[in-house]
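Report on the following structure.
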Amino acid sequence: MNILLVEDEPTVADFIRKGLEEQGYVVEVAHDGLSGEKLATGKEYDLAILDVILPGITGVELCRRIRSSRSDLPVLMLTALGTTQDKLLGFDSGVDDYMVKPFHFEELLARIKAVTRRRMQAVPPAQYKVADLEVDSYKKTVTRAGKEIVLTQKEFALLELLITNKNKVLARAYISQAVWGIDFDRGTNVIDVYINYLRSKIDKGHTPTLIHTVIGMGYTLKEV
Ligand code: CA
């Protein structure tokens, strides 16, 4: 999952970036409002975390601008201000959630998960096709080369997550949260086991293979 962080205080930006990277997120940092806007509108992110008081344009204005071009990008606002009025101003500009500084890092993680999960659930179900693999989220059916493949509920959820994020590398922690709703302890191989189940049903005996391991990063579904 790719996160854009717009925060002008280097120590705060570093603290958040390092913490998120440890959780498997990919983080890009902008130190002022305008370069934040440039990144937000020019690249694909799964979440933007914006500080309110920024050089250039404020986080609130930045959020408005992001909303006008990228209505689907979840936005989490960080601020040292905490009055009700400030919160309303943030929500009015299209912010999904709000955090008042200083905050516990665990709380930030929890909010990130809640915001991105809400967004994922808001995405209407649809049909997806990569190479000759077809997934129908309405009917909960999967076919490869026209032949129906039977998946368990979790296998289907995992495949659906991969195909709706095709070409993106998904970290294990992100997959775990999105499919199982929890973070598995590091060291368990539940994700890898399920990926192998999926591979044997989806890829075995077919070309091209679609599920790929990105060493040290996670998994991706793509047509190479
Ligand atoms: Ca600031």
Side-chain angles (χ1 to χ4, degrees), residues 1-123 165 168-178 183 186 216-218:
M1 181 158 115
N2 297 311
I3 297 179
L4 171 65
L5 171 63
V6 188
E7 165 64 74
D8 56 318
E9 286 168 63
T11 49
V12 178
D14 261 14
F15 167 73
I16 296 173
R17 180 181 55 75
K18 281 179 186 153
L20 292 177
E21 283 175 352
E22 275 171 24
Q23 297 293 318
Y25 296 110
V26 178
V27 183
E28 209 155 350
V29 180
H31 294 286
D32 65 84
L34 290 172
S35 44
E37 184 188 9
K38 208 172 161 190
L39 285 173
T41 52
K43 294 173 91 169
E44 284 292 318
Y45 294 99
D46 303 292
L47 173 73
I49 301 174
L50 313 177
D51 187 28
V52 169
I53 311 297
L54 292 166
I57 55 171
T58 66
V60 174
E61 175 58 23
L62 174 55
C63 185
R64 278 203 191 93
R65 294 187 188 184
I66 288 173
R67 278 284 161 270
S68 65
S69 60
R70 289 282 316 275
S71 61
D72 61 328
L73 179 67
V75 174
L76 190 59
M77 194 79 91
L78 303 178
T79 179
L81 315 167
T83 69
T84 310
Q85 203 180 358
D86 293 323
K87 286 190 183 179
L88 288 174
L89 187 62
F91 281 111
D92 188 45
S93 64
V95 167
D96 290 83
D97 206 352
Y98 219 90
M99 298 252 336
V100 179
K101 292 196 268 188
F103 51 81
H104 289 290
F105 195 75
E106 282 66 31
E107 197 192 344
L108 176 64
L109 287 179
R111 300 265 180 130
I112 287 173
K113 281 163 188 166
V115 163
T116 51
R117 193 161 53 233
R118 274 205 300 275
R119 285 282 173 171
M120 283 194 309
Q121 284 165 350
V123 173
N165 290 284
K168 286 187 195 168
V169 178
L170 303 181
R172 282 180 181 78
Y174 180 71
I175 293 173
S176 164
Q177 188 66 45
D183 268 338
R186 281 158 195 276
M217 301 290 277

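Counting starts at 1 for both ligands and their atoms, following the listed order.
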Margin query: Apply side-chain contact (heavy atoms from CB on, under 4.5 Å) to residues L78 and I16 and explain how you reach the verdict.
Written below: CA-CA 11 Å; L78 303 178; I16 296 173; 3.6 Å; yes
Check: Excluding sequence neighbours, so at least two apart, what forms salt bridge (charged side-chain N to carboxylate O under 4.0 Å, His left out) with D32?
Finding: none
Margin query: Can you tell whether the side chains of R64 and E61 come within less than 4.0 Å, N to carboxylate O?
Written below: yes
Notebook entry, point to check: If you leave out waters, which protein N, O or S atoms are less than 3.0 Å from the Ca ion (ligand 1)?
Noted result: D8 OD1, D51 OD2, I53 O
Note to self: Can you pull out every side-chain hydrogen bond (donor to acceptor under 3.5 Å, both in side chains) where at least one residue sits in residues 105-115? Sequence neighbours excluded, please.
What the structure shows: D97-R111, E107-R111, K113-D183
Check: Residues two or more places apart in sequence or in another chain: which of them pass side-chain contact (heavy atoms from CB on, under 4.5 Å) with S69?
Finding: T41
Note to self: Given 3.5 Å as the limit, does a donor-acceptor pair link the side chain of E9 with the main chain of T11, or not?
What the structure shows: no
